[in-house]
Amino acid sequence: MRRLGAVLLLFAALCAVSTIVSEEVVRVNVRAEAGVKESIALAEKGEEEEARETLSETAALWQKSRRFLETILHHETIEHAEEGFLASMRALDVSREVFLMEAEKLAMTLHTLSEGDAAVAGNVF
Amino acid sequence: MLVPLIRTVILYTAVMLAMRVLGKRQIGQMEPSDLVALVMMTELAAIPMQDLDVPLTGGLIPVVTLVLIELILSFLLLKKRRLRFWLADKPEIVIRDGRIDRERLLSCRISLDELIGLLREQGENDVTALRYVIFEPSGNLSVIRKEGPEGEDGLYHLLIAEGEINYSGLRAVGKSEEWLRAAVMERGYEPEDIFYMAQSDSGRLIWQEMERGGR
């Protein structure tokens, strides 16, 4: 029975680590999504410089977690989000409309990333 | 080129370690759950080996999960005989006193040709010379001939396993629980003190106490 107990404990530990990791993936991407949305709101009010600063800070913060995200999520999806950050930054130099379009796409990608690893019935089935 | 190589080494090591932990035997001796785990493990490890977009943890976590599930299941099957009754296959007597049991063959989904072939592999041609042929959960046949000491004793039916009375064994020897309890007490034990007790068709009773070796 001691061995069974030890294996059950290991299984519980694996479940706990998986839950913590999933929560962290959600937290990183939800935080980045909120940052992008804040940047969109600033751009809509005509505060382009503040929007650029917010987006730049959000991108830097998200990049810090990139290595962690790469161990959990599909690399292609992460690269897609990274391209989204770059495209949004470039779009700010072109026009507000192009920026809003690119930033909305980026927010959607980050939303998908945050939902992709969440332990909800929709993802399980 | 180096990344798939490193990934392959890591995943191969992980699967080999998993098999070592599970203590797997030959494919032919595997229980269905063992085979399912083995097939799934190799498939899961192959995905991140080929697709570099898939993180390594996408292969390692399911392999570790499978190992843990397999270990939990095998410990439970060892401890809980009732669970084993539901989850594991049981041995089936397909030949009794030289007569082939057609119903049992059907329930084991084994054809007459296959049975004859398996018997030939054991060097047995004359079915009438066989007292018992048992189709084991591993897929092998156990043969007890009519001639020789084994044939005289016949089949041993399990009456007590790890302190628990085996009622199907009692039914097979045509005895009651009261008889068994009396037989055990006569030897100075309670059924809970007996690790293994079996009776042959000839009536010979063999047993072993729970902790130290017995008969």
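Numbers restart at 1 for each chain; the letters A, B, ... are given by sequence-line order, proteins then strands. Owing to the predicted nature of the structure, the values given are computational and were not obtained by experimental measurement.
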Q | B:Leu73 side, atom CG; A:Leu4 side, atom CG - distance, nearest 0.5 Å | A | 10.5 Å
Q) Would you say A:Glu53 has more than 12 foreign heavy atoms packed within less than 6.0 Å of its CD? A) no
Q) Which residues satisfy the ring-ring contact (aromatic ring centres under 6.0 Å, His included) test with B:Phe135, sequence neighbours excluded? A) none
(Q) For A:Arg3, I'd like to know if atom CZ has over 12 heavy atoms of other residues, nucleotides or ligands within 6.0 Å. (A) no
Q.
Within a 6.0 Å radius of atom CD on B:Glu177, are there more than 12 heavy atoms belonging to other residues, nucleotides or ligands?
A. yes
Q.
Quick check on A:Met101: does its CE atom have over 12 non-hydrogen neighbours (other residues, nucleotides or ligands) under 6.0 Å away?
A. yes
Q | Top of B:Ile69, B:Leu71, B:Thr65, B:Ile72 for chain A proximity - count of heavy-atom pairs under 4.5 angstrom | A | B:Ile72
Q.
Report, in residue-number order, which members of residues 45-55 of chain B are under 4.5 Å from chain A by heavy-atom distance.
A. B:Leu52, B:Asp53, B:Val54, B:Pro55
Q: Side chain from CB out, backbone as N, CA, C, O: work out which of these in A:Ile78 comes under 4.5 Å of a heavy atom of chain B, or both, or neither.
A: neither
(Q) Taking side chain as everything from C-beta outward and backbone as N, CA, C, O, which of these in A:Glu76 sits under 4.5 Å from a heavy atom of chain B? Side chain, backbone, both or neither. (A) both
(Q) Rounded at 0.5 Å granularity, tell me how far CD1 in B:Ile61 sits from OG1 in A:Thr71. (A) 9.5 Å
Q: Kindly check if the number of other-residue, nucleotide or ligand heavy atoms within 6.0 Å of OH (B:Tyr12) is above 12?
A: no
Q: Kindly determine whether B:Leu68 and A:Val7 satisfy side-chain contact (heavy atoms from CB on, under 4.5 Å), including the steps that lead there.
A: CA-CA 6 Å; B:Leu68 293 177; A:Val7 176; 4.0 Å; yes
Q: Counting only heavy atoms closer than 4.5 Å, note whether A:Leu14 contacts chain B via side chain, backbone, both or neither.
A: side chain
Q.
Does any backbone or side-chain atom of B:Ser74 lie under 4.5 Å from a heavy atom of chain A? Answer side chain, backbone, both or neither.
A. neither
(Q) A quick test of your reading: do over 12 heavy atoms of other residues, nucleotides or ligands sit less than 6.0 Å from NZ of B:Lys175? (A) yes
